[in-house]
Amino acid sequence: MTESKPTHKPTFPTYKDHLNKTFLEELNYKLWSTKGIRFKASKRLLTQDNLSNKALGFLSSYLIILGLLSVYKITGDTGINEKLLAFGTTTLSILLLAFSQMEAAQDFKIKARNFQDCALNISRLYDELRIFKTLTNPSDNQNRKFASEISTQYENILERNPNHNDIDYQIFRIEHQDYFKLTNSKFRAVRFRYYIEVKLLYHVLIIIPPVVIIVILFLT
């Protein structure tokens with residue numbers, strides 16, 4: 001009778017492991033996670049900037065199309081009141097202007113650049129720490145001095161930069177799903193939340209107006 005060999009599932013380090021190790025290990029985790037989250041924040045803002053520009057471009061085009069409907073008398077046989085159409089076009093133009101100003105005030109590109117610079121600065125500290133950890137048996141005083149210097153620089157960088165959004169942290173976590181031991185349902189929930197918070201509004205602004213115009217033209 002042959003003995004069955006025990007099977008061992010692969011284990012992954014978790015985000016709580018650093019709490020049971022040295023301060024250098026904890027600092028290593030802070031630098032690694034913070035730089036990753038700030039890069040995610042930069043990417044999110046650039047995505048919003050891109051979608052914002054596209055939405056504003058499409059909305060401007062839709063308003064021009066609405067104006068042309070009246071100019072070329074395309075609505076003559078549909079029963080649409082031309083004065084009502086002109087009023088609606090003017091109202092939408094004002095709303096588009098207000099929306100454009102609010103979007104411009106977000107400064108997506110500037111904020112994205114700031115987050116990227118912050119991440120790059122933290123990344124340099126992270127590299128220095130990784131290099132230091134390769135030294136052979138550094139003394140306790142060396143460890144203490146180096147950890148203190150890196151920690152101070154890290155705090156100074158954070159003080160000069162705004163904090164990221166929670167969704168950036170959640171996206172970073174699901175991209176390291178094994179490390180943070182997240183379930184697939186959590187993965188899907190974060191992805192859905194990201195779409196709702198970052199992309200949904202712009203997709204609605206791009207897709208809904210032409211649908212409404214088509215419905216008005218062909219069903220009235």
Side-chain angles (χ1 to χ4, degrees), residues 12-56 102-136 138-139 141-182 186-187 189-202:
F12 297 92
T14 71
Y15 66 100
K16 294 182 179 180
D17 289 346
H18 68 277
L19 297 176
N20 300 321
K21 297 182 179 180
T22 65
F23 179 71
L24 273 180
E25 295 298 331
E26 181 178 349
L27 190 58
N28 183 87
Y29 170 79
K30 286 182 178 179
L31 295 175
W32 170 73
S33 59
T34 304
K35 74 180 179 68
I37 296 169
R38 297 303 168 102
F39 277 128
K40 296 305 174 188
S42 177
K43 184 178 179 180
R44 171 182 56 81
L45 289 166
L46 290 177
T47 298
Q48 289 182 282
D49 180 70
N50 181 48
L51 289 174
S52 176
N53 290 332
K54 289 181 178 178
L56 291 173
M102 288 187 291
E103 287 295 284
Q106 295 296 324
D107 291 328
F108 290 124
K109 281 190 174 180
I110 295 176
K111 291 179 180 178
R113 181 58 185 270
N114 290 338
F115 274 120
Q116 184 182 39
D117 290 343
C118 177
L120 290 173
N121 289 331
I122 294 176
S123 182
R124 295 188 189 97
L125 295 182
Y126 180 71
D127 291 341
E128 288 182 24
L129 188 149
R130 300 296 295 177
I131 293 172
F132 180 81
K133 289 174 67 176
T134 62
L135 298 179
T136 304
S139 65
N141 287 334
Q142 286 178 309
N143 281 331
R144 189 180 300 108
K145 181 179 179 181
F146 180 81
S148 177
E149 291 175 353
I150 292 294
S151 180
T152 299
Q153 293 181 56
Y154 171 70
E155 295 296 336
N156 289 338
I157 292 173
L158 294 185
E159 288 177 0
R160 296 195 304 266
N161 293 274
N163 198 12
H164 54 80
N165 289 356
D166 179 66
I167 190 61
D168 304 316
Y169 173 62
Q170 298 301 332
I171 287 294
F172 175 78
R173 278 165 55 86
I174 67 172
E175 291 194 357
H176 300 84
Q177 187 176 1
D178 291 330
Y179 181 80
F180 288 97
K181 297 197 177 296
L182 302 177
K186 177 66 174 179
F187 181 94
V190 171
R191 283 295 183 189
F192 179 73
R193 177 187 167 192
Y194 180 84
Y195 177 78
I196 295 296
E197 293 187 12
V198 178
K199 299 181 179 181
L200 178 62
L201 172 63
Y202 301 109

Heavy-atom distance under 4.5 Å between the side chains of [X] and [Y], does that happen here?
{"X": "Val190", "Y": "Gln177", "result": "no"}
{"X": "Phe108", "Y": "Leu46", "result": "no"}
{"X": "Lys40", "Y": "His164", "result": "no"}

Provide the closest heavy-atom pair for [X] versus [Y] in the form atom of the first, atom of the second, distance.
{"X": "Ala147", "Y": "Leu27", "answer": "O-CD2, 3.8 Å"}
{"X": "Pro162", "Y": "Arg38", "answer": "O-NH1, 3.2 Å"}
{"X": "Ala112", "Y": "Ser42", "answer": "O-OG, 2.9 Å"}

Going from [atom1] on [X] to [atom2] on [Y], what distance comes out if it is rounded to the nearest 0.5 angstrom?
{"X": "Asn28", "Y": "Lys133", "atom1": "CG", "atom2": "NZ", "answer": "4.0 Å"}
{"X": "Asp127", "Y": "Ile131", "atom1": "CG", "atom2": "CD1", "answer": "6.0 Å"}
{"X": "Glu103", "Y": "Leu51", "atom1": "CD", "atom2": "CG", "answer": "10.0 Å"}
{"X": "Leu129", "Y": "Glu25", "atom1": "CG", "atom2": "CD", "answer": "8.0 Å"}
{"X": "Asp166", "Y": "Arg173", "atom1": "CG", "atom2": "CZ", "answer": "9.5 Å"}
{"X": "Ser123", "Y": "Arg130", "atom1": "OG", "atom2": "CZ", "answer": "11.5 Å"}

Does Tyr194 have any side chain to side chain contact (heavy atoms under 4.5 Å, CB included) partners at least two apart in sequence or in another chain, and if so, which?
Arg44, Thr47, Ile167, Ile171, Val198, Lys199
In terms of heavy-atom contacts, does CZ of Arg113 have more than 12 from other residues, nucleotides or ligands at under 6.0 Å?
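Open: at most 12 neighbouring heavy atoms sit under 6.0 Å from CZ of Arg113.
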Using a 6.0 Å cut-off, check whether atom CZ of Phe192 has over 12 heavy atoms from anything other than its own residue.
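Incorrect, the count does not exceed 12.
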List the steps and the verdict of side chain to side chain contact (heavy atoms under 4.5 Å, CB included) for Leu45 and Gln48.
CA-CA 5 Å; Leu45 289 166; Gln48 289 182 282; 3.7 Å; yes
Could you tell me whether a side-chain N or O of Ser148 sits under 3.5 Å from a main-chain N or O of Arg144, the two making a donor and an acceptor?
no
Determine yes or no for a side-chain-to-main-chain donor-acceptor pair under 3.5 angstrom, with Lys111 supplying the side chain and Gln106 the backbone.
yes
If the plane angle is over 60° it's perpendicular, under 30° parallel, otherwise tilted; pick one for [X] and [Y].
{"X": "Tyr169", "Y": "Phe180", "result": "perpendicular"}
{"X": "Phe132", "Y": "Phe146", "result": "parallel"}
{"X": "Tyr29", "Y": "Tyr179", "result": "parallel"}

Residue pair Phe187, Ile174: steps toward the side chain to side chain contact (heavy atoms under 4.5 Å, CB included) verdict:
CA-CA 6 Å; Phe187 181 94; Ile174 67 172; 3.7 Å; yes
Qualifying residue, where the test is side-chain contact (heavy atoms from CB on, under 4.5 Å) with Ile157 and the options are Thr152, Ile122, Asp117
Ile122
Scan Thr34, Leu120, Asp168 and name whichever one has a side-chain contact (heavy atoms from CB on, under 4.5 Å) with Phe39.
Leu120
